[in-house]
Amino acid sequence: MKDKLTALLEKAITTASGRGLLQLEKIPSIEVETTREDAFGDYATNAAMVLASSVRDNPRKIAKAIVDSMDDREGLIEKIDIAGPGFINFFIRDSVWRGLLEEIERLGDRYGETNAGQGKRVQVEFVSANPTGPLHIGHARGAVTGDVIANTLRAAGYAVSREYYINDVGNQMNTLGRSVFLRYRELLGEKIDFPPEYYQGQYISDLAAEILKSHGDKFLTLDEKDVLAFFTPFAANAIMKGIRDDLGTFGVVFDCYFSERDLYRDEGVAKLLQELQEKGFIYKEEETLWFRTTDFGDEKDRVVVRENGEPTYFAADIAYHRNKYIRGFDTIIDIWGADHHGYLPRVYAAIQALGKEKDTLKIVLVQLVSLLRGGKPVAMSTRSGEFVTLREVVDEVGKDAARYNFLMRRSDSQLDFDLEVAKKQSNENPVYYVQYAHARICSIMRTAGERGLNVPAFDKVDLGLLKLPEEILLIKHITRYPEVLEGSAAVLEPHRFTFYLNELAAIFHSYYNKHRVISEEDELSRARLFLMKCIGTVLRNALSILGVSAPEKM
RNA sequence: GGGCGAUUAGCUCAGUGGAUAGAGCACAGGCCUCCGGAGCCUGGUGUCGAGGGUUCAAAUCCCUCAUCGCCCUCCA
């Protein structure tokens, strides 16, 4: 609808210009927006005011010239007002709104999808937690954000791949292996002074016990190097398996797990550094190699190879991003914890040094989660191994409530997650409010079926009977869903869906309490049933993007 | 000290160039002979942190300041 109006307007401006009503060199980009109040119609444009300065004329006069040149062949528009400082307000015919329901029926669970992405390949990389322990609540928000962004992009016509980058190289991996080995020795009766910087959780001892059971005490006599060669990958693999399982119960499934170790295979990182060196972005200072990221606006240059000859994490990360491009992705999306924001400029520098456009990489920052229970903060500390795991949260509050609660804020604003509220089945918890709307519609359908009323097809129903303002409002709201999806995909903002769903559920519940869908008048009942079916479709589609179930009964 | 972000109703937050700034929660009162009360209806509050600037128009853009958070590893 918005697109159609924009097209009509552009044409009208051209026409007006041709007829000499407007003097302008070029047509500026005009915007059509949904209005805030009914009195301003359904859509409005600021075109006249935007044109005012270049045309050097009164906005209201310009608006009139535009309106007079509009050619509404399809008969979409009921009335046009020129209001306020020069807004042009469009009132769409009710019959046009009703007609849009046909598309909902026809497309069903695909309603809302667009082809904005035109099949372009997008990779969304998220979670990517080190396999040194189970995922905790902080990872959960990143997991949902990435998952829903991926769902959204897929619905918007992109070919999406979800990826988890496994940081299985570096000090922490060694620390992991050593932690397990220490617990192993402890289990064999040795008195151990367990260092505080080692991984503390119970899962470390469990892994040690597992190794003891399957391999006995044979590692006691081996060199540390040989011990770690077994312990580190054993622990990492076991933990990684747990992470996958936990993500699975949270509804998050990846297409690809990419191991940092693979980047080093065949001298991959070294070759990359060679390439950057040839391009002149690398310089040597004593034994250290530096990447001139300041060429691209970073505040200082960054080390890629340390004094001791080891490449840094950043060096591997450049190789990783290059690898992504080599795999043919048109757009790369990284979902990061907001505490990594200082890392952004150097990664943008890196991809530009590799010859990629800056806007092919999009980095979404996810802010911290404060975990509460009944309004009181829950103490969490990774060091002491006291943290609430993702699995515990899912077990306690359920997948749907957990996911929905993480999506109720912009991802870059801090979020309080209260376990008591999230599991409460009350009006403090919006997920049930939305799901309840869906269950209610299903219930209406069941009742209708029992009374021998079936939902008619679009061409077998007299939608003209839907005359109530509440009904027109509902139709307007559900037919706006494709715009919500497209907008969310364009700016990578999943929270737009929860806000939309809450509004839709609210106007549905209100309607339900005020009017009866099933009445003695069969034709009216059938028309309303059709509307209910369409609302149900939109609720289900939007919830499905969020990875939240749409129950038929609760 | 430098960088980034935040500051909007009692609380938690939407809104990033448009018209009289919104939602949920909390609070108070009401609504079931009726398709599910996990629901609905009614009630009100804002120096949009402060000050300046840009323009037809600023919560939104720019500058200064204040407060808070995060980051400033040859860690990942």
Side-chain angles (χ1 to χ4, degrees), chain A residues 31 33 35-37 39-40 44-46 48-50 52-53 58-59 83-87 89 128-130 132 165 167-173 175 260 285-290 298-300 302-317 337-345 365 367-368 375 408-410 412-416 418 421 424-437 439-448 450-451 453 491 493 495-496 498-499 502-503 505-506 508-519 525 528-529 532 553-554:
Chain A
E31 281 180 35
E33 301 176 325
T35 56
R36 229 186 44 233
E37 281 185 46
F40 302 148
T45 182
N46 57 0
M49 288 175 288
V50 173
S53 60
N58 176 331
F87 288 102
N89 294 332
S128 300
N130 304 322
T132 55
Y165 181 49
N167 299 135
D168 49 7
V169 175
N171 291 332
Q172 15 185 346
M173 282 294 108
T175 304
E260 183 179 357
E285 210 175 82
E286 311 210 335
E287 290 309 304
T288 310
L289 288 189
W290 293 79
D298 198 4
E299 57 185 17
K300 57 182 257 196
R302 307 291 173 177
V303 172
V304 283
V305 175
R306 302 182 182 105
E307 209 172 4
N308 65 10
E310 295 233 349
T312 58
Y313 173 85
F314 178 45
D317 212 16
D339 54 343
H340 288 67
H341 70 263
Y343 193 73
L344 245 109
L365 296 179
Q367 265 293 358
L368 297 177
M408 293 191 320
R409 301 274 178 275
R410 301 174 56 92
D412 59 357
S413 87
Q414 290 194 6
L415 170 75
D416 290 338
D418 194 312
V421 173
K424 218 181 272 185
Q425 301 190 354
S426 77
N427 49 4
E428 284 172 72
N429 197 356
V431 63
Y432 297 111
Y433 184 73
V434 175
Q435 288 183 318
Y436 185 51
R440 256 187 167 167
I441 289 171
C442 293
S443 171
I444 296 170
M445 295 301 173
R446 287 192 293 270
T447 305
E450 286 160 17
R451 300 194 190 169
L453 272 171
V491 295
E493 290 183 356
H495 73 281
R496 294 186 178 205
T498 50
F499 281 88
N502 279 313
E503 283 169 21
F508 163 74
H509 284 309
S510 172
Y511 175 76
Y512 177 90
N513 273 275
K514 200 163 168 190
H515 305 288
R516 294 190 59 77
V517 173
I518 301 169
S519 64
S525 301
R528 287 180 173 175
L529 276 175
M532 291 304 116
K553 290 181 182 174
M554 292 173 68

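Labels below follow one simple rule: chain letters A, B, ... track the order of the sequence lines, proteins then strands, and each chain is numbered from 1.
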Interatomic distance where NZ belongs to K514(A) and P belongs to rU42(B) [whole Å]: 8 Å
Pairing nucleotide - rU20(B), Watson-Crick or G-U, each distance under 3.5 Å: none
Answer with base, sugar-phosphate or nothing: what part of the nucleic acid does R440(A) contact at a heavy-atom distance below 4.0 Å? sugar-phosphate
It should be established whether Y433(A) places a side-chain nitrogen or oxygen under 4.0 Å from OP1 or OP2 of nucleotide rG37(B). no
Base, sugar-phosphate, or nothing for A44(A), non-hydrogen atoms under 4.0 angstrom? base
Donor-acceptor pair under 3.5 Å: do we get one between T288(A)'s side chain and the base of rC74(B)? yes
Which part of the nucleic acid, if any, lies within contact of S519(A), taking any heavy atom under 4.0 Å across all strands shown: a base, the sugar-phosphate backbone alone, or nothing? nothing
From CD of Q367(A) over to P of rC4(B), roughly how many Å is that when rounded to an integer? 16 Å
Taking the six-membered ring for Trp, does Y436(A) stack with rG39(B) (centroid gap under 5.5 Å, planes within less than 30°)? no
What interatomic distance, in whole Å, is found between C1' of rG51(B) and the corresponding atom of rC13(B)? 26 Å
Counting the atoms with a prime plus P, OP1 and OP2 as sugar-phosphate, which does V169(A) contact under 4.0 Å by heavy atoms, base, sugar-phosphate, or nothing? sugar-phosphate
Nearest whole angstrom, please: distance from the P of rG39(B) to the CD of Q435(A). 12 Å
Heavy atoms only, 4.0 Å cut-off, all strands: where does Y313(A) land among base, sugar-phosphate and nothing? base
What's the CD-P distance between Q172(A) and rU73(B), to the nearest Å? 18 Å
Can a donor-acceptor pair under 3.5 Å be found between the side-chain atoms of H341(A) and the base atoms of rG5(B)? no
Among rC74(B), rC13(B), rG15(B), the one nearest R410(A) by side-chain distance: rG15(B)
Here the gap from I441(A) atom CD1 to R446(A) atom CZ, rounded to the nearest 0.5 Å, amounts to 11.5 Å
Between CZ of R409(A) and CD of Q367(A), what distance do you get to the nearest 0.5 Å? 13.5 Å
Can you label the angle between the Y313(A) ring and the Y165(A) ring as parallel, tilted or perpendicular, going by 30° and 60°? tilted
Quiz item: D339(A) side-chain donor-acceptor pair to rA76(B) base, under 3.5 Å: no
CZ on R410(A) to CG on L415(A), rounded to 0.5 Å: 13.5 Å
Using centres under 5.5 Å plus planes under 30 degrees as the test, is H340(A) stacked with rA76(B)? yes
Can you measure R409(A) atom CZ to rC11(B) atom C1' for me and round it to whole angstrom units? 11 Å
Should M532(A) and Y512(A) count as side-chain neighbours, where that means a heavy-atom distance under 4.5 Å? no
Would you kindly check whether a donor in the side chain of N502(A) faces an acceptor in the base of rG24(B), or vice versa, at under 3.5 angstrom? no
Between H515(A) and Y511(A), how do the two ring planes meet: parallel, tilted or perpendicular, split at 30° and 60°? tilted
So which nucleotide from rA19(B), rG15(B), rU12(B) ends up closest to the side chain of H495(A)? rG15(B)
Closer to the 5' end of RNA chain B via nearest nucleotide, is it M408(A) or R302(A)? M408(A)
Using the six-membered base ring of rA19(B), report whether F87(A) stacks on it, requiring centroids under 5.5 Å and planes under 30° apart. yes
Tell which nucleotide pairs with rA50(B), taking only Watson-Crick or G-U wobble pairs whose two distances are both under 3.5 angstrom. rU64(B)
Between N130(A) and R36(A), who's closer to the 5' end of RNA chain B by nearest nucleotide? R36(A)
